[in-house]
**Q** 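Structure below; questions to follow.
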Amino acid sequence: MKKLSLLVLGLAFACNSSQKTVAEAPKPVADPIPYAETITQDNLKEHLFTYASDEFEGRETGTPGQKKAVEYLKAQYESMGIPPAQSNGDYFQKVPLEMSKVPEGSLTINDKAFELGEDVLTFSQAKGNYDNIVYVGYGIEDGDYSDYTGVDVTGKFVLIKAGEPVGDNGVYEITGNMEKSVWSNASEAIGKKRDIAKEKGAIGVLYYDMLTFPRFQGYFQFMKNNNSGRVQLASDKSDDVLIYLNEDAAKTLKSDIEEDNVPKPITADIKMDITSGNDQIDSENVVAFLKGSEKPDEYVVISSHLDHIGITNGGEINNGADDDGSGTVALLEIAQAFKKAADAGNGPKRSLVFLHVTGEEKGLLGSRYYTDVDPVFPLENTVVDLNIDMIGRIDPNYKGARNYLYLIGSDKLSTELHKLSEEVNKKYSNIEFDYTYNDENDPNRFYYRSDHYNFAKNNIPIIFYFNGTHADYHRPSDTPDKINYDLLENRTRLIFHTAWEIANRPSRLLVDKAAD
């Protein structure tokens, strides 16, 4: 009997062990195709003809049209039964913004007057007389290289020129080879150089960049002609002064600025009498959320920007159907597909964050607020950002078949993400991926020009989905009747499948490359 009892007890333990193993086995991932097929041309079209209608007045940040846009998004998530992401139960993440009015006033260098908006540019107030300027060459401090060695810039203006040091043999001093570094990227370098100057104690920067000056000048004139100003995060407000100089102004201050790279004090007489003012702007991101079933504390973000550029000075409405109405309605359809899966018991293993950001057209402000100021969910637990910005049209310069999509950034931080993206496309969509704009040397610098970048700079892998520009880009003619809805459907389904794979894979994406 003892032997029999032990045998029965052993069998009982074996059965319990087996049952426990079965209970702990991960649930198999469901087939995503039925849910992807709920993303349809008709649904996308219905959303977009509302969202990019004249009623929304171009959705410019802080305007009544943008308020209508966020209310529309809120209503859609409520109707789908997808809850808000914030713990306070609000879909709206307030993004405090300020508009710096176009400055007015004058600036003279060595008794020579320079016209604001023509010869010199600034977007902030600048007042005072200064006779001791410090020239710091390229204004770079990187590793063993520093343009601040031997000079004291505390309480002074510094004069900086664009670019980075390169030898006669074509070797760049920072990289040690023929490749340029981030210091040659104007979009990044200006801010980085300004920040270094501030850390060193400088009270302002005089910046010479002959190539990008016309771009900032166009921006300045647009704001002046439209009685607008530069919009920024309220938290960015500071007393820092950044003044862009054209060639005449820069060489009046230092005639050999292009040839001389040696930091040194400059004796000059500069008089600044430039005034400005700030207005408060009320705006918000819209953030909805589906909680993961197995890994709820890991987050897959899918983003698009909800704003556009509003009404022209002549009263025409910029509807922004492609930019970024197409990304916005795609995000709504993706969210609904995931919700249908969740309702069927096949919800994502990781949490999904549906992020509609404001102020993209003003400088990626809503996404920067989310990443840099007030992340709703921890960035260290954010697995990826899939950013959708213009996916409804065809680039007239594209030479291949119409079933294409530009992909940017998939390989910048995670080899796994790039491989997964390619495999998902091959399995489900067969879209022709074009990586033209992923090239580090592409002059358009699209990698730095949409909301994904604020995630990428925080070492979060990203993919930017983009159809390229066209003649209607940032014009009143970007209307919903010009969208290719079959392409929009296929592209949206691709992004859904990619998010599905990332949300349900056993391990989070490996970040094996570092952000610049």
Side-chain angles (χ1 to χ4, degrees), residues 107-112 114 119-177 180-213 216 236 238-274 516:
L107 185 145
T108 63
I109 301 175
N110 296 332
D111 294 325
K112 183 176 180 178
F114 292 94
D119 307 307
V120 297
L121 305 168
T122 188
F123 299 93
S124 59
Q125 180 168 291
K127 300 178 74 68
N129 298 339
Y130 305 92
D131 59 6
N132 191 354
I133 312 299
V134 180
Y135 175 59
V136 290
Y138 297 104
I140 296 172
E141 188 163 77
D142 190 331
D144 294 331
Y145 180 90
S146 177
D147 284 315
Y148 288 86
T149 301
V151 293
D152 180 11
V153 303
T154 305
K156 302 171 185 176
F157 268 83
V158 294
L159 173 63
I160 299 175
K161 64 180 177 180
E164 61 179 307
V166 56
D168 294 336
N169 58 358
V171 173
Y172 287 87
E173 191 163 341
I174 303 299
T175 62
N177 53 47
K180 297 178 180 178
S181 74
V182 68
W183 299 106
S184 287
N185 171 22
S187 299
E188 284 290 281
I190 293 174
K192 290 171 72 72
K193 292 180 180 184
R194 179 195 59 206
D195 291 345
I196 291 172
K198 181 180 179 180
E199 291 171 4
K200 296 292 184 181
I203 58 173
V205 173
L206 302 163
Y207 198 83
Y208 173 50
D209 185 348
M210 186 170 61
L211 294 179
T212 60
F213 186 89
F216 288 111
D236 289 343
S238 69
D239 296 328
D240 298 341
V241 178
L242 175 62
I243 300 176
Y244 302 92
L245 309 177
N246 69 2
E247 184 176 7
D248 187 16
K251 290 187 175 179
T252 298
L253 192 55
K254 181 170 174 56
S255 60
D256 61 348
I257 188 170
E258 293 182 347
E259 298 82 23
D260 186 13
N261 299 331
V262 180
K264 58 176 69 68
I266 299 173
T267 300
D269 182 18
I270 299 180
K271 295 182 174 65
M272 303 178 187
D273 187 17
I274 301 171
D516 290 334

**Q** Indicate yes or no: at least one non-hydrogen side-chain atom of V151 is less than 4.5 angstrom from one of V158.
**A** no
**Q** List the steps, then state whether side chain to side chain contact (heavy atoms under 4.5 Å, CB included) holds for D147 with I160.
**A** CA-CA 10 Å; D147 284 315; I160 299 175; over 6 Å; no
**Q** Compare all side-chain heavy atoms of V120 with those of I274 and state whether any distance is below 4.5 angstrom.
**A** no
**Q** Ignoring hydrogens and geometry, is there a side-chain-to-backbone donor-acceptor pair from S184 to G163 under 3.5 Å?
**A** no
**Q** Could you report the tightest heavy-atom contact between V171 and N169, atom names first, then the distance?
**A** N-OD1, 3.1 Å
**Q** Starting from the C-alpha separation in whole Å, work towards a yes-or-no answer on side chain to side chain contact (heavy atoms under 4.5 Å, CB included) for F157 and I270.
**A** CA-CA 10 Å; F157 268 83; I270 299 180; over 6 Å; no
**Q** Nearest 0.5 angstrom please: E258 CD to Y208 OH, how far?
**A** 4.0 Å
**Q** Mind listing the closest non-hydrogen atom pair of Y135 and L159 along with its distance?
**A** CD1-O, 3.5 Å
**Q** Taking NZ in K180 as the centre, count heavy atoms belonging to other residues, nucleotides or ligands within less than 6.0 Å. Is the count above 12?
**A** no
**Q** Ring-plane angle category for Y244 and Y207, please: parallel below 30°, perpendicular beyond 60°, tilted otherwise.
**A** perpendicular
**Q** Check D269, L253, D248 against K112 for a side chain to side chain contact (heavy atoms under 4.5 Å, CB included) and give me the one that passes.
**A** D248
**Q** Could you pull out the closest heavy-atom pair between V241 and S124, with the gap in Å?
**A** CA-OG, 4.1 Å
**Q** Quick one: are D273 and K271 in side-chain contact, heavy atoms under 4.5 Å?
**A** no
**Q** Is any side-chain N of the basic residue among D256 and K254 closer than 4.0 Å to the acidic one's carboxylate O?
**A** yes
**Q** May I ask you to decide whether E188 forms a salt bridge with K192, counting only side-chain N to carboxylate O separations under 4.0 Å?
**A** no
**Q** How many angstroms lie between atom CG of D142 and atom CG of D144, to the nearest 0.5 angstrom?
**A** 9.5 Å
**Q** Heavy atoms only: give me the nearest Y130-K127 pair and the separation to one decimal.
**A** OH-O, 3.0 Å
**Q** Work out which heavy atom in I109 is nearest to a heavy atom in A249; give both atom names and the distance.
**A** CD1-O, 3.8 Å
**Q** Is there a side-chain contact between E141 and E199 (heavy atoms, below 4.5 Å)?
**A** no
**Q** Assess whether side-chain hydrogen bond (donor to acceptor under 3.5 Å, both in side chains) is satisfied between K161 and N261, documenting all intermediate values.
**A** CA-CA 9 Å; K161 64 180 177 180; N261 299 331; 2.5 Å; yes
**Q** Any non-hydrogen side-chain atom of V136 less than 4.5 Å from a side-chain atom of K200?
**A** no
**Q** Are side-chain heavy atoms of V134 and P263 found at a separation under 4.5 Å?
**A** no
**Q** Could you walk me through whether F114 and L245 satisfy the side chain to side chain contact (heavy atoms under 4.5 Å, CB included) test, starting with their C-alpha distance in whole Å, then the side-chain angles of each, then the deciding distance to 0.1 Å, before giving a yes or no?
**A** CA-CA 9 Å; F114 292 94; L245 309 177; over 6 Å; no
**Q** For a 4.5 angstrom cut-off between non-hydrogen side-chain atoms, does K193 reach I140?
**A** yes
**Q** Walk me through whether I174 and Y138 qualify under side chain to side chain contact (heavy atoms under 4.5 Å, CB included).
**A** CA-CA 12 Å; I174 303 299; Y138 297 104; over 6 Å; no
